[in-house]
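Accompanying notes for the structure given below.
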Amino acid sequence: MKYDFSAIEKKWQDKWDEAKIFNAADHSDKPKFYGLVEFPYPSGSGMHVGHIKAYSGLEIIGRKRRMQGYNVLFPIGFDAFGLPTENSAIKTGIHPRELTDRNIAKFSSQLRRVGFAFDWDRVVDTTEEDYYKWTQFIFLKMFENGLAFRDTALVNYCPHCKVVLSNEDSQGGKCDICHSDIVQKSKDVWYLRITEYADKLLQGLEEVDYLPNIKMQQVNWIGKSRGAFVNFGLTAGDETLRIYTTRPDTLFGVTFMVIAPEHPIIEKLAAEGKINNMDEVKAYQEECTKKTEFERTQLVKDKTGVCLDGVKGINPVNGKEIPIYLADYVMMGYGTGAIMAVPAHDERDYDFAKKFGIDIIEVIQGGNIEEAAYTGDGPMVNSDFLNVYDNKADSIAAMIEWLQEKGIGEGGVQFKMKDWAFNRQRYWGEPIPIVHCPTCGMVPVPYEELPLRLPPVTEFEPGQGGESPLAKLDYFVNCKCPKCGGAAKRETDTMPQWAGSSWYFLRYIDPHNSEALADMDKLRYWLPVDWYNGGMEHVTRHLIYSRFWHHFLYDLGLVPTAEPYAKRTAQGLILGPDGEKMSKSRGNTVDPNDVVNELGADVLRVYILFMGDYGSAAPWSDNGVKGCKRFLDRVADLSGMVKGGEPNPKVESAIHKTLKKVTMDIEDMKFNTAIAAMMGLLNDISDAGSITKDQLSIFVRMLCPFAPHLCEEMWEQMGGKGFCSLAEWPVWDEAKTIDATAELAVQINGKVRGKVILPMNADKDTAIAAVKADEKLASLIEGKTVVKEIVIPNKIINIVVK
RNA sequence: GCGGGCAUGGCGGAAUUGGCAGACGCGCCGGAUUUAGGAUCCGGUUCCUUAUGAGUGCAGGUUCAAGUCCUGUUGCCCGUACCA
């Protein structure tokens with residue numbers, strides 16, 4: 001067959017579009033399959049080969065399942081709010097709406113040219129009013145339920161982007177967008193109380209099928225720890241100082257306390273005049289605020305601190321008076337912002353004690369505290385009580401019980417995960433639907449007024465004070481309070497980019513609904529998402545956020561399942577030809593359009609899945625692409641090899657073996673070995689020199705998910721009914737996958753010395769007899785004592801001789 | 001530091017889970033075809049001092065049998081980071 005890929009690909013894409021063959025039915029007798037891929041951010045630079053790999057996994061699985069008779073939902077959309085578009089608008093003066101529309105159009109045409117089997121009637125765009133109306137709706141539900149709140153706090157602030165970032169967006173002390181250093185700034189910010197769902201998010205992981213490393217990353221991110229809160233007395237004032245510890249068993253080893261530089265007790269004590277060295281304390285506090293997060297966590301492992309003069313702590317278990325230090329190795333954002341320091345059994349406390357010359361008292365045996373802190377378990381010593389417990393688990397539980405009995409403290413739980421900083425001082429995002437009224441306080445915009453539309457503006461620069469461009473619009477800001485009717489001001493911040501993506505998979509289920517975010521019957525039919533595939537970089541952000549929103553919606557009764565995704569997998573990166581991560585600055589990027597133009601979409605699809613294990617990173621190779629081109633060229637030539645008559649038995653067996661392998665490998669995302677098996681089959685067919693029409697029909701259908709355009713064309717030429725993409729997935733004949741004979745390797749003392757061919761499943765005696773009948777093998781055994789004979793049917797014979 | 005993962009030819013990577021290491025592809029070598037190049041086709045391709053040879057980062061161990069399991073070790077990658 002002549003393989004004019006550009007003509008063939010255009011032809012079939014048009015036909016699929018026209019017949020809408022990939023559109024999902026909302027209800028059906030067939031089993032349903034909801035395959036979800038992470039929708040792209042439509043950037044101006046267009047699609048990346050990484051996008052194609054990310055979508056190809058479920059593209060293949062979805063196409064195969066459709067052929068197997070499933071009702072498949074495989075949607076796509078655009079996560080289009082966000083800073084890159086806004087920054088581009090600032091640069092070019094073109095409105096983000098127009099840029100977004102252009103970029104979406106570009107992405108859509110690129111996706112179509114690759115031939116993805118998306119349901120194009122369900123496309124979702126997070127920046128459309130009909131969509132963000134419901135994002136705002138969910139926000140208001142959270143506000144009503146006390147999960148959205150405003151607080152003044154130290155936040156991660158990017159001085160370059162002039163925007164507050166969440167913890168998840170400032171990992172490693174760098175801005176996720178521009179990679180500048182983050183500074184800590186006190187600001188009035190919106191939070192979503194995700195910590196309220198920390199336990200549910202943790203427990204929910206037990207019922208879902210996520211890759212183990214994805215689960216583990218989420219568990220670590222949530223960071224649950226069990227321990228105790230203990231109240232320490234003070235030698236001055238009425239206050240007590242509450243600390244959190246995971247090691248209450250070391251309470252007798254406490255020799256000092258440390259509080260975060262921002263700890264509120266300092267102001268209280270200062271107001272009462274209890275602190276004698278306030279100048280020194282203030283100087284230290286200032287020094288700390290100047291440090292960037294990066295300096296505080298990465299560079300300055302060297303401990304610094306100031307001792308409070310005038311106030312000491314009192315250890316409740318033994319009444320000892322101990323000094324209190326301010327030090328920035330204790331964070332206000334975790335626990336209570338204050339710790340009991342046990343230098344003998346905590347590395348940080350040890351370093352601090354060494355530097356400041358504080359006593360180190362061993363209370364757990366097992367290490368050498370002259371040299372280093374011992375953080376392991378062991379028998380308790382130097383502790384006035386409970387020394388009957390020499391097992392850590394017991395002593396901690398017993399200690400907590402004892403603390404509770406004495407009224408000194410109680411057991412508690414802490415999470416590393418922090419509440420989600422939820423506002424951005426930017427234009428291109430969902431407006432937060434809240435009105436600030438001088439008399440009523442914060443008032444939600446009534447539901448019937450949603451969507452609260454983003455007003456048209458021409459200047460997108462944030463203000464000097466870091467306020468949103470919306471703050472400059474008097475007509476937007478000044479409004480009436482929905483509650484009392486008095487003059488009020490609108491919230492001018494917008495939501496972060498992660499808002500729209502936290503529920504988009506629900507909107508695919510019912511994308512045009514104007515009454516609800518989605519119809520409950522349809523949600524019941526489609527949820528949960530059967531299989532979600534995406535990048536590892538999103539497992540501690542989007543994947544956590546969207547699970548949080550979904551759990552919340554479930555608690556409101558708006559969705560039928562607690563967990564949104566039944567299964568989550570991840571694809572590996574495509575690296576540049578130099579083996580490094582692709583980046584424009586390195587100049588090692590590959591444009592998928594070039595490949596589509598030069599060699600065709602089918603080649604691109606096959607190569608991306610053939611280049612390596614789907615879940616691992618693999619470097620791009622232009623030569624590797626050519627190899628896949630050769631493969632498809634040779635497949636196209638199969639049409640000319642069709643002959644009537646009896647099928648070649650070797651080919652027949654190879655076809656069924658390959659079909660079995662491909663069918664199973666696809667479900668395991670082992671696309672590379674599935675393609676390798678089909679290449680091997682093609683070699684077998686070439687050797688045989690002919691193929692029957694039935695055999696070709698099987699070949700074309702099993703290749704169809706990978707190279708659908710070519711397969712449609714071949715299917716049509718061989719007179720196949722309808723679309724190949726809708727044809728029935730062939731089923732292998734198990735009998736044909738079993739050979740009549742097996743070749744067994746014969747080992748003497750573990751070394752392969754020859755081979756014998758035996759009937760399938762031949763027994764041990766037959767096998768040994770065959771070895772002895774072989775002249776060469778028999779001579780190797782002759783005259784020696786046979787110690788042992790091991791026969792693994794159809795595989796190997798090992799004879800141990802002396 | 002902590003948590004997780006990986007290590008196989010010149011290269012990307014296979015290996016039904018303990019049973020013939022190197023499938024498949026690239027590259028390379030030789031041949032055919034071609035005025036030539038490209039493309040295509042055919043054959044070869046782990047290494048070597050060619051022999052009862054060696055070989056899956058390194059050193060041990062278990063086993064009839066180890067890329068696969070165990071112990072130690074080195075290097076790389078990812079995540080996270082003063083989390084009390």
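To find a chain, count down the sequence lines: A is the first, B the second, and so on, and within it residues start at 1.
The only member of A/Thr663, A/Val662, A/Ile666 that meets side chain to side chain contact (heavy atoms under 4.5 Å, CB included) when paired with A/Met702 is A/Val662.
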Subject >> Canonical and wobble pairing (Watson-Crick, G-U, under 3.5 Å) of RNA chain B, dot-bracket with | >> reply: (((((((..(((......[....)))((((((.......))))))((.....))..(((((..]....))))))))))))....
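Between A/Leu575 atom CG and B/C11 atom P the separation is 16 Å, expressed in whole Å. Between the C1' atom of B/G18 and the CG atom of A/Asn798 lies a distance of 13 Å, rounded to the nearest Å. The CD atom of A/Gln217 sits 14 Å away from the C1' atom of B/C2 (whole-angstrom rounding). Taking atom CG on A/Asn213 and atom C1' on B/G4, their separation rounds to 8 Å, with Å as the unit.
Counting only residues at least two apart or on different chains, the salt bridge (Lys or Arg N to Asp or Glu O under 4.0 Å) pairs with a member in residues 667-686 of chain A are A/Lys64-A/Glu667, A/Arg65-A/Glu667. Residue pairs meeting the salt bridge (Lys or Arg N to Asp or Glu O under 4.0 Å) criterion with at least one partner in residues 745-766 of chain A, sequence neighbours excluded, are absent.
Using a 4.0 Å heavy-atom distance criterion, A/Asp349 is classed as making no nucleic acid contact. Residue-level contact check: A/Lys755 touches the bases, meaning some heavy atom is under 4.0 Å from a base atom. Contacts of A/Lys670 with the nucleic acid, taken as non-hydrogen atoms under 4.0 Å apart, involve only primed sugar atoms and P, OP1 or OP2. Looking at heavy-atom distances under 4.0 Å, A/Glu743 makes contact with a base.
A cation-pi contact, defined as under 6.0 Å to the ring centre and within 45° of the axis, is absent between A/Lys303 and A/Phe352.
When atom types are taken as modelled, the side chain of A/Asp328 and the backbone of A/Cys288 share no donor-acceptor pair closer than 3.5 angstrom.
Under 3.5 Å, the side chains of A/Thr240 and A/Asn231 contain no donor-acceptor pair of N or O atoms. With no hydrogens or angles considered, no side-chain donor-acceptor pair links A/Asn672 and A/Asp613 at under 3.5 Å. Side-chain atoms of A/Glu38 and A/His542 form no donor-acceptor pair, as typed in the model, at a separation below 3.5 Å. In this structure, a donor-acceptor pair under 3.5 Å is present between the side chains of A/Gln571 and A/Asn533. Side-chain atoms of A/Thr569 and A/Tyr614 include no donor-acceptor pair closer than 3.5 Å.
Applying the 4.0 Å criterion to OP1 and OP2 of B/C83, one finds that A/Lys416 has every side-chain N and O outside that range.
When the nucleotides B/C64, B/C82, B/G13 are ranked by their closest atom to the side chain of A/Pro619, B/G13 comes out on top. Distance from the side chain of A/Asn220 is smallest for B/G3 among the nucleotides B/C64, B/G3, B/G79. The side chain of A/Ile790 lies closest to B/G19 when the candidates are B/G13, B/A84, B/G19. The side chain of A/Lys418 approaches B/C83 more closely than any other nucleotide in the set B/C20, B/C83, B/G4.
A/Lys354 and A/Glu371 are not joined by a salt bridge, as no carboxylate oxygen comes within less than 4.0 angstrom of a charged side-chain nitrogen.
In B/U52 the O4'-C1'-N dihedral to the base is within 90° of 0, which defines a syn nucleotide.
For the segment residues 334-346 of chain A, the set of residues with a heavy atom within less than 4.0 Å of an atom of RNA chain B comprises A/Tyr334, A/Ile339, in numerical order.
Remark: the A/Lys795 side chain and the B/C20 base include no donor-acceptor N/O pair separated by less than 3.5 Å.
Comparing A/Arg753 and A/Tyr614 against RNA chain B, the residue whose closest nucleotide sits nearer the 5' end is A/Tyr614.
When the side-chain hydrogen bond (donor to acceptor under 3.5 Å, both in side chains) test is applied to A/Ser686, the partners found at least two apart in sequence or on another chain are A/Arg634.
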Original post:
If the sugar-phosphate is the primed atoms plus P, OP1 and OP2 and the base is the rest, what is the B/S/- string for nucleotides 21-28 of chain B, using protein heavy atoms under 4.0 Å?
Top reply: --BBSSS-
